[in-house]
Visitor: 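Please read through the structure below; I'll follow up with questions.
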Amino acid sequence: MTKLEEFQQELLVLLKQMDAICDKHGINYSLFGGTMIGAIRHNGFIPWDDDADVVFERVEYEKFLKVLPENLIVFRKSWVQRFSHKDNPNIYLDIFVFDVAPKSKITQKMQRLGLKAMQGTIKKKVTTKRGFIGATVSLFTYIIGLLFTHNFKLRVYDSIARIFKNRPTGYIFSSLDQFKYIGHVLPRDVVISYKKVDFENTSLKIMTGYDAYLKQFYGDYMKLPPKEMQKPVHGNLARFD
């Protein structure tokens with residue numbers, strides 16, 4: 001077994017534990033991102049993937065936090081939540097959250113702009129890969145971020161993400177996602193129900209609207225990437241020994 005395969009087995013343990021907690025308490029979740037693609041395309045992990053992602057609707061995530069066993073933790077260093085064993089936080093699942101998005105396109109853009117600006121304040125370094133304007137904005141938000149504590153910035157971030165929580169707009173978005181994905185708004189119907197699918201040697205949940213989500217975020221998700229791109233990209237193996 002390769003080091004990557006061993007790492008995936010450790011992630012699988014966490015996925016099974018999360019699934020067991022959610023089943024016991026009637027909580028819905030879904031595999032997400034590359035982990036969902038792996039479930040649909042490979043019946044398990046993408047062979048070269050070095051992380052695991054899940055997503056909750058906000059109300060389901062809040063239920064999950066209330067029933068978390070003492071030996072398991074949820075923590076965050078950036079805006080992304082992570083689920084891990086208390087005694088080994090170097091191996092974790094990334095947790096994303098679906099929050100309510102407003103109906104108005106203008107209001108959607110304002111909420112998205114606020115979250116992207118807050119991501120800039122939370123980042124530990126300036127992003128220079130988006131050209132001069134992008135680098136200038138990144139530098140500005142980074143400097144602003146130095147004026148506030150990390151916890152304060154996370155509280156502001158979460159307040160913006162949850163601002164439409166109690167409004168049935170019919171739309172949701174992945175509020176803790178990467179800069180390039182946070183603007184994708186989905187109809188709430190994608191999470192109206194869930195089902196179990198085969199994943200490695202077990203079965204895990206996905207939202208029944210997975211096809212609409214994956215096509216909007218990834219395009220033709222059943223098509224394999226070029227051979228040169230079939231390699232780990234998250235750097236998580238460096239923490240695994």
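Hydrogens, waters and symmetry mates are skipped; everything else that's a heavy atom, side chains included, is used.
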Visitor: Counting the benzene-type ring for Trp, do Tyr181 and Tyr218 have ring centres under 6.0 Å apart?
Guide: yes

Visitor: Are the side chains of Pro102 and Gln111 in contact, using a 4.5 Å heavy-atom criterion?
Guide: yes

Visitor: Give the C-alpha distance, both sets of side-chain angles, the deciding distance and a yes or no for ring-ring contact (aromatic ring centres under 6.0 Å, His included) between Phe45 and Phe199.
Guide: CA-CA 7 Å; Phe45 289 105; Phe199 193 92; 5.0 Å; yes

Visitor: Decide whether Asp51 and Tyr92 meet the rule of one side-chain donor and one side-chain acceptor closer than 3.5 Å.
Guide: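 Looking only at side-chain atoms, Tyr92 and Asp51 do not form any donor-acceptor pair under 3.5 Å.
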
Visitor: Are Tyr61 and Phe98 near enough that their ring centres are under 6.0 Å apart?
Guide: no

Visitor: List for me each residue that meets side chain to side chain donor-acceptor pair (under 3.5 Å) alongside Tyr210, sequence neighbours excluded, and say none if there are none.
Guide: none

Visitor: Do the ring centers of Phe164 and Tyr171 come within less than 6.0 Å of each other?
Guide: no

Visitor: Between Lys165 and Asp99, does at least one N-O distance fall below 4.0 Å, as a salt bridge requires?
Guide: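 The answer is no: the pair does not qualify as a salt bridge.
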
Visitor: Is it true that the side chains of Thr141 and Thr121 contain a donor and an acceptor less than 3.5 Å apart?
Guide: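 Thr121 and Thr141 do not have a side-chain donor-acceptor pair below 3.5 Å.
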
Visitor: Charged N to carboxylate O below 4.0 Å: is that the case for Asp220 and Lys215?
Guide: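 No, Asp220 and Lys215 are not salt-bridged.
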
Visitor: For Lys63 and Asn28, does a side-chain donor sit closer than 3.5 Å to a side-chain acceptor?
Guide: no

Visitor: Evaluate the side-chain proximity of Val67 to Ile21: yes if any heavy-atom separation is below 4.5 Å, no if none is.
Guide: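 Yes, their side chains come closer than 4.5 Å.
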
Visitor: Filter on side chain to side chain donor-acceptor pair (under 3.5 Å), then keep only pairs touching residues 67-77, sequence neighbours left out; what's left?
Guide: Arg76-Asp158

Visitor: Arg82 and Asp94: salt bridge (charged side-chain N to carboxylate O under 4.0 Å, His left out), yes or no, with the steps?
Guide: CA-CA 5 Å; Arg82 290 168 172 173; Asp94 286 331; 3.5 Å; yes

Visitor: Tell me, please, which residues at least two apart from Phe148 pass side chain to side chain contact (heavy atoms under 4.5 Å, CB included).
Guide: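 Result, side chain to side chain contact (heavy atoms under 4.5 Å, CB included) vs Phe148: Ile144, Phe152, Lys153.
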
Visitor: Do the ring planes of Phe217 and Phe32 sit parallel (below 30°), tilted (30 to 60°) or perpendicular (above 60°)?
Guide: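 Judged by the thresholds at 30° and 60°, the geometry between Phe217 and Phe32 is perpendicular.
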
Visitor: Under a 4.0 Å threshold between the charged nitrogen and the carboxylate oxygen, would Lys196 count as salt-bridged to Asp23?
Guide: yes

Visitor: If every non-hydrogen atom of Ile46 is compared with every non-hydrogen atom of Gln8, which pair is closest and at what distance?
Guide: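 In this case the closest contact between Ile46 and Gln8 is O-NE2, 3.2 Å.
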
